[in-house]
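A quick note: this is a predicted structure, and the numbers were derived from the prediction, not measured. First the proteins, then the strands, lettered A, B, ... as listed; each starts at 1.
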Amino acid sequence: MEALLAITIGVLVAASVYLMLARNVLRFIFGLVLISNAANLTIFTAGRLTEGKPPLVPEGLDAPVGTVANALPQALVLTAIVIGFGLFAFALVLVFRAYTSLGTLNSDEMRVAEPREDART
Amino acid sequence: MSETAAQAKGNGLVGLAPVGLAAGLFVWFLGFLPAVSAGEVLRLQWDWVPSLGISLSFLVDGLSLTFALLISGIGALVFLYSNTYLAGHPQFARFALFLAGFMLSMLGLVLADNLIALFVFWELTTITSYLLIGFGHETYKGRRSALQALFVTGAGALALLAGFILLGMVAGSFELSVILAQGDALKAHALYLPILILILAGTFTKSAQFPFHFWLPNAMAAPTPVSAFLHSATMVKAGVYLMARLHPGFAGTDVWMWTLTIAGGFTAVFASVLALRQSDLKQALAYTTLMALGTLTLFLGQESGYAMTAFATFLIVHSLYKAGLFLVVGCIDHGTGTREADILGGLARAMPFTALAAALASLSMAGFPPFLGFIGKELLYAGALEAGSGPALVVGALVIANALMLAVAGVVAFRPFWRPAGGAMPHTPHEAPWQMLAGPVILAVLGVVFGVFPALLQDTLIAPTVASLLGSAEDAKDLKLWAGVNMPLILSIATVALGLAIYLGHVRLRAALARAELAAPNFDNGWDRFLEGLKGLAAWQTRVLQSGELRIYILVTFLTVLVGLGGTMLARDALPGLPDMSSVTWKNLALAVLIMAGAVMAALTGSRITAMASLGVVGIGVAMIFIVFGAPDVAITQLLVETLVVVLVAVALLRLPALDPAGTRDWRPRDALLGLAVGAVVTLTLLAVLEVPMDRRLTDYFEVTSWPEAFGRNIVNVILVDFRALDTFGEIAVVVIAALAAYALLRTTDQGPTGRSSRTRKGEDAS
């Protein structure tokens, strides 16, 4: 099953790389969403998969019985999801603001910070 | 320089303090003479960076004491001289500080016993000399010369540091006294050649050996006392000093012998020819300094007792007469306002003491008896005849160089005083004040005194220096004026004849040389071209790497990932095997296909709604994976976040234009290919990771401690709020910062142009 998820992650990464290379920065944002999903899945899969056994300590015992799902990657992914969301929200507002200020979503036309050199023409 | 009120006032205490410092040091060093001439080697040590084996240790033996005496002695005279030469100069305090700083660093350099300490002093001399050469920083020439010297010697110093570190690793110690004791092991070591090349790169640049010679004549932009001090007796000899210091550990191999012989010999001949070409007296002297440095390098390539005695003697001879002559040129400049050889003449009457000093120093330089220069030259010839690297070659180079030296001595010190003037001088010549005469006269007279009584030097400095180089003072040869009619004497006579002939024809020769120079490659211009090229390269690289296009930056990032990961996997042959897909159930396969389909759809669609929906599909698919594989908390968070993402995108899209301009479709085959490649590499990497056994130690720890220690049954939650609470706190901070920043961005939007108005603005741009 891990192998199937590895392939799924590969497809996610391929789609997000393609999107992030687009001229339209909105597509870049879409790519960002996809690549954070891919990253979360990678952490999750690398910790190995255990179907249907959440990491809980049963009532009255000191430790889980038998093999339960790996708790550590889950904790990491939880943190990553939230931070990824923060990044996404900020990037989206930035794109929005860039559009209202510059009037374009095309990153090639956003040259305020690094204007084209005259020498190149 | 004209006499002004400020000049008459002088520099006060600032001018005299360095003289006292240098003279005091000189006397202090003299106190070491009895012990050192008795063959003792004194060592002082303080721990500096003990953890790295770096200590501040000093070594006083023949070699370092000779240098220390030359530096402090000439230093005292130069300070006395510059106090008058630059009397009332508004920047004198700065000058005195730099020069004193330089002198102390130079002393540290020649006395240091630790390679790292030596390197620090070495760099201090580089920096102080940069400041001194650039003392006249108002002129372009001054700035350029200073920067050139800094770059050339600084680049060499970097190589030197690398060499020192390698040497320290090979020898297991940074202490010179320890390293040099294991000379044979060093020479047999596989890293001997790299170390040698790196260190010679440092010494050759510092001591201006061909092809790094061009910075030295330019460094004459410095005030004359600086040239006298740095570029005759001290800084440029730092490289020579280091080669001499390492001689016991490194010399004796073919590489050492031939590299030093060829570089030194070529520099000596090449520089003396160019010296004759110069009409500015100071430039002429600068090139003769190159000749001397070449000769010293040449002799360090050898191992015989004669060669080493010649090295030690010539080192002292040269420092005395060259510092003296530089100071004489300063006096001439001061007294007449010019340094042009063609104009100057008839100064002997107006400047008798300067003329005396010039005559004595130049006779020593030309190698006439009974001056020390004569003894030095005889020893050079004797050493050359014993040279291991082709005596004929060495002797030939020396005869030519010495003959040219004699001619240059005539140009610099005979013609301006005793021949009629070639033109009108800016000032009526007048004698320099005694403070400026003290230096040249004392240095020149020392040349005679040591020449007539060579025994004064023999046991005090020469023999101990030879002992530092060869290990035994027994190898030192006798310094004597008359050694009978032998081969060196015959060579000396030939040299004098040849030199006189060159002097008589020097005006015509100079013109011919000037023509030849135009045709030959010019290193100084080459330096400019090199710098231009470097700047061009930097600009080109910046244009390529910092194109200002977001897509290029992202492209480079992903390409790096691709090449880094994929390349490593291929190079290490670490490709994973075929994965085991037997455990895949239909349910899970359906989930995976859902996610993949959503991703591909999001990538390829041109519709905003479809893109949004596809992203939602991917997000929910991932949440379901979390549910299936025992991560309900993660799944809940993922669902919440995905919902928020879709809502936020939807809100933003209300105000944003379509993804593609009307009538176009976004399809980029090149990017798609790169995407597939990166995706494949990620999959392969993950598969390779999965082949490695899982280390569950940390998970096991959390599982058994979650309830007993943290009183929580949901292990994931316990990790988040207890074991890694600080991380969670950081995560909250990140979200808060993102929210604040987003709020700030949106708030300014209200005051700026609205989406509608910017769209109009865009329309205006297009029209």
Output for pair (A/M20 CE, B/L674 CG), nearest 0.5 Å, gives 12.0 Å
Check each atom of B/V736 against the heavy atoms of chain A and say whether the ones under 4.5 Å are side chain, backbone, both or neither. neither
Check: A/L61 main-chain N/O paired with B/R713 side-chain donor or acceptor under 3.5 Å: yes
Under 4.5 Å to a heavy atom of chain A? For B/A658 that would be backbone
Can you tell me which of A/A75, A/G84, A/G86 forms the most heavy-atom pairs within a distance under 4.5 Å of chain B? A/A75
Using non-hydrogen atoms and a 4.5 Å limit, figure out which bit of A/F88 sits close to chain B: side chain, backbone, both or neither. side chain
Between A/V68 and chain B, which part of the residue has a heavy atom less than 4.5 Å away: side chain, backbone, both or neither? both
Rounding to 0.5 Å, atoms CZ (B/R696) and OG1 (A/T67) come to a distance of 6.5 Å
Residues B/M612, A/F30; criterion side-chain contact (heavy atoms from CB on, under 4.5 Å); working and verdict: CA-CA 8 Å; B/M612 221 165 68; A/F30 296 163; 6.0 Å; no
Answer key: most heavy-atom pairs under 4.5 Å with chain B among A/I9, A/V82, A/L87 is A/V82
Is there a donor-acceptor contact under 3.5 Å from the side chain of A/Q74 to the main chain of B/G630? yes
Best-contacting candidate, B/V649, B/V600, B/L684, against chain A by heavy atom pairs under 4.5 angstrom: B/V649
Choice from A/V17, A/L21, A/L26 maximising heavy atom contacts with chain B below 4.5 Å: A/L21
Can you say whether B/D700 sits under 4.5 Å from chain A via the side chain, the backbone, both, or neither, judging by heavy atoms? neither
So which residue, A/P73, A/P55, A/A3, ends up with the most heavy-atom pairs under 4.5 Å with chain B? A/P55
Pick one of side chain, backbone, both or neither for B/V678, based on which atoms fall under 4.5 Å of a heavy atom in chain A. both
Ignoring hydrogens, what is the shortest heavy-atom contact between B/G712 and A/V57? Give both atom names and the distance. O-CG2, 4.5 Å
How about B/V622 and A/F44: do any of their side-chain heavy atoms sit closer than 4.5 Å? no
Given 3.5 Å as the limit, does a donor-acceptor pair link the side chain of B/T637 with the main chain of A/L78, or not? no
Would you mind checking which part of B/Y743 comes under 4.5 Å of any heavy atom in chain A, side chain (CB onward), backbone (N, CA, C, O), both or neither? neither
Between B/Q638 and A/N37, is the side-chain hydrogen bond (donor to acceptor under 3.5 Å, both in side chains) condition met? List the steps. CA-CA 9 Å; B/Q638 169 80 6; A/N37 272 321; 3.0 Å; yes
Please state whether the side chain, the backbone, both or neither of B/L698 comes within less than 4.5 Å of a heavy atom of chain A. side chain
Proximity breakdown for A/T50 and chain B, heavy-atom pairs closer than 4.5 Å: backbone
Segment of B/V634 engaging chain A (4.5 angstrom heavy-atom cut-off): both
Taking atom CZ of B/R724 and atom OG1 of A/T79, what is their separation to the nearest 0.5 Å? 5.0 Å
With chain A, which of B/V681, B/I719, B/L640, B/V704 has the greatest number of heavy-atom pairs at distances under 4.5 Å? B/I719
Under 4.5 Å from a heavy atom of chain B, the part of A/I29 involved: neither
Is there a side-chain contact between A/F85 and B/V735 (heavy atoms, below 4.5 Å)? no
Can you see which heavy atom on B/L687 is nearest to which on A/A6, and at what distance? CD2-CB, 3.9 Å
Taking side chain as everything from C-beta outward and backbone as N, CA, C, O, which of these in A/A22 sits under 4.5 Å from a heavy atom of chain B? Side chain, backbone, both or neither. both
Nearest-0.5 Å distance, CG of residue A/L5 to CZ of residue B/F629: 6.0 Å
Segment of A/I7 engaging chain B (4.5 angstrom heavy-atom cut-off): both
Which answer fits B/T557, side chain, backbone, both or neither, if we ask what part of it has an atom under 4.5 Å from a heavy atom of chain A? neither
Of the listed B/A738, B/P632, B/A602, B/A603, the one with the largest count of heavy-atom pairs under 4.5 Å with chain A is B/A603
Run the side-chain contact (heavy atoms from CB on, under 4.5 Å) test on A/I81 and B/F626 for me, step by step, so that the C-alpha distance in whole Å, both residues' side-chain angles and the decisive distance to 0.1 Å come before the verdict. CA-CA 12 Å; A/I81 290 176; B/F626 290 143; 4.3 Å; yes
Which answer fits B/L615, side chain, backbone, both or neither, if we ask what part of it has an atom under 4.5 Å from a heavy atom of chain A? side chain
A/L12 to B/A599 - nearest heavy-atom pair and separation: CD2-CB, 3.6 Å
Rounded distance [0.5 Å steps], CG in B/L591 versus OG1 in A/T8: 9.5 Å
Take A/S107 and B/R551 through the test side-chain contact (heavy atoms from CB on, under 4.5 Å) and record every step on the way to the result. CA-CA 8 Å; A/S107 64; B/R551 288 188 309 127; 4.0 Å; yes
Stepwise side-chain contact (heavy atoms from CB on, under 4.5 Å) test for B/L740 and A/F90: CA-CA 9 Å; B/L740 281 176; A/F90 179 70; over 6 Å; no
Taking all non-hydrogen atoms of both residues, which atom of A/L56 and which atom of B/I715 are closest, and how far apart? N-CD1, 4.4 Å
Under a 4.5 Å heavy-atom cutoff, which of B/D660, B/V734, B/D695, B/L676 has the most pairs with chain A? B/D660
Give me the atom names and distance for the closest heavy-atom approach of B/L690 to A/A46. CD2-CA, 4.3 Å
Given heavy-atom pairs under 4.5 angstrom as the criterion, report whether the side chain, backbone, both or neither of B/M581 touches chain A. side chain
Toward chain B, the part of A/V33 with a non-hydrogen atom under 4.5 Å: side chain
From CD (A/E51) to OG (B/S583), nearest 0.5 Å: 9.0 Å
Identify which of B/V618, B/V584, B/D666 forms the greatest number of heavy-atom pairs closer than 4.5 Å to chain A. B/D666
Any ion pair linking B/E549 and A/R23 (charged N to carboxylate O, less than 4.0 Å)? no
Name the option with the most non-hydrogen atom pairs under 4.5 Å to chain A; the candidates are B/L644, B/V718, B/T728, B/D727. B/L644
Okay, A/N70 and chain B: the region with an atom under 4.5 Å from a heavy atom over there is both
How are the rings of B/W667 and A/Y18 set relative to one another: parallel (under 30°), tilted (30 to 60°) or perpendicular (over 60°)? tilted
Donor-acceptor pair, side chain of A/D62 and main chain of B/P708, under 3.5 angstrom: no
